[in-house]
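No hydrogens, no waters, no symmetry mates; every other heavy atom, side chains included, goes into these values. Owing to the predicted nature of the structure, the values given are computational and were not obtained by experimental measurement.
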Amino acid sequence: MFIKMEKMKYWLFKSEEQCFSYDDLLQMPDQKTHWDGVRNYQARNFMRDTMQIGDVGIFYHSGGTHPHAIGTVHIVRDGYPDFTAWDEHSEHPDPSSSPLSPKWFMVDIKAEKKFTQPVFLKNMRTIAELSDMALLRTGNRLSVMPIGQKHFEILCTLGFSSTV
DNA sequence: GCCAACGTTGGC
DNA sequence: GCCAACGTTGGC
């Protein structure tokens with residue numbers, strides 16, 4: 001008997017803090033949400049093709065004066081059509097997507113644990129082991145991106161440490 | 001298929 | 001508010 005164990009993958013979920021924050025996620029029923037509204041093919045492909053239930057992620061707040069990672073999440077439902085695309089009243093309607101021919105996909109994530117202290121972007125840039133993280137590349141605009149296990153562990157170590 | 005114009009993102 | 005980066009659009 002062969003049971004294929006897929007290797008757990010690591011992701012970063014980016015959201016503008018004033019738009020949807022980690023605290024907002026904690027307020028959601030069952031602390032879950034669907035990661036809707038992504039209208040970028042590369043991010044779409046990650047969610048549709050690569051993410052799996054059980055993968056874990058870092059939640060990152062962009063847009064503020066001090067961008068930072070703020071907690072961990074895990075994926076509780078893998079890729080399925082983003083139904084907000086054919087809702088004309090949604091934030092990101094796209095008439096070219098339909099239930100019969102969905103163009104955009106999303107996953108469901110659930111909050112895991114909020115960091116005891118945020119890990120600031122400014123701090124990340126000083127850490128050599130994080131230098132190859134996609135988030136730190138200038139001009140990166142993906143709201144969902146893969147990171148390495150090493151990146152995930154370093155961010156958790158910093159975020160859950162009790163001293164600065 | 002090329003490429004300039006345009007819109008959006010996001011750090012600073 | 002500015003500007004760099006980059007994806008998308010549309011004319012040709």
- Task: Using atom CG of A:N40 as one end and atom P of B:dG10 as the other, report the distance to the nearest whole Å.
- Result: 10 Å
- Task: Kindly confirm or rule out a cation-pi arrangement of A:R44 over A:F46, judged by NZ or CZ under 6.0 Å from the six-membered ring centre and within 45° of its axis?
- Result: no
- Tell me: CZ of A:R137 to P of B:dT9, nearest whole Å? 19 Å
- A:W35 and A:D108 side chains, donor-acceptor separation under 3.5 Å: no
- In whole angstrom, what separates A:Q18's CD from B:dT9's P? 12 Å
- Note on the structure: note: A:N140, atom CG; C:dA4, atom C1'; distance rounded to Å ~ 14 Å
- Message: What is the distance, to the nearest angstrom, from the NZ atom on A:K103 to the C1' atom on C:dG7?
- Response: 13 Å
- Return the value, rounded to whole Å, for the distance between atom CE of A:M124 and atom P of B:dG10. 14 Å
- Message: Need one value for A:F120: base, sugar-phosphate or nothing, where a base atom within 4.0 Å counts as base even if backbone is also close, heavy atoms only.
- Response: nothing
- Message: In whole Å, I'd like the distance from the CG atom of A:L12 to the P atom of B:dG10.
- Response: 11 Å
- Message: How many whole angstroms separate atom CG of A:L142 from atom C1' of C:dT8?
- Response: 15 Å
- Do the side chains of A:I109 and A:H74 get nearer than 4.5 Å, heavy atoms only? no
- Is the backbone of A:T50 close enough, under 3.5 Å, to the side chain of A:K9 for a donor and an acceptor to pair up by distance? yes
- Residue-phosphate contact under 4.0 Å: A:R125 side-chain N/O, B:dC12 OP1/OP2: yes
- Ignoring backbone atoms, test whether A:Y41 places a side-chain nitrogen or oxygen under 4.0 Å from the OP1 or OP2 oxygen of C:dC6. no
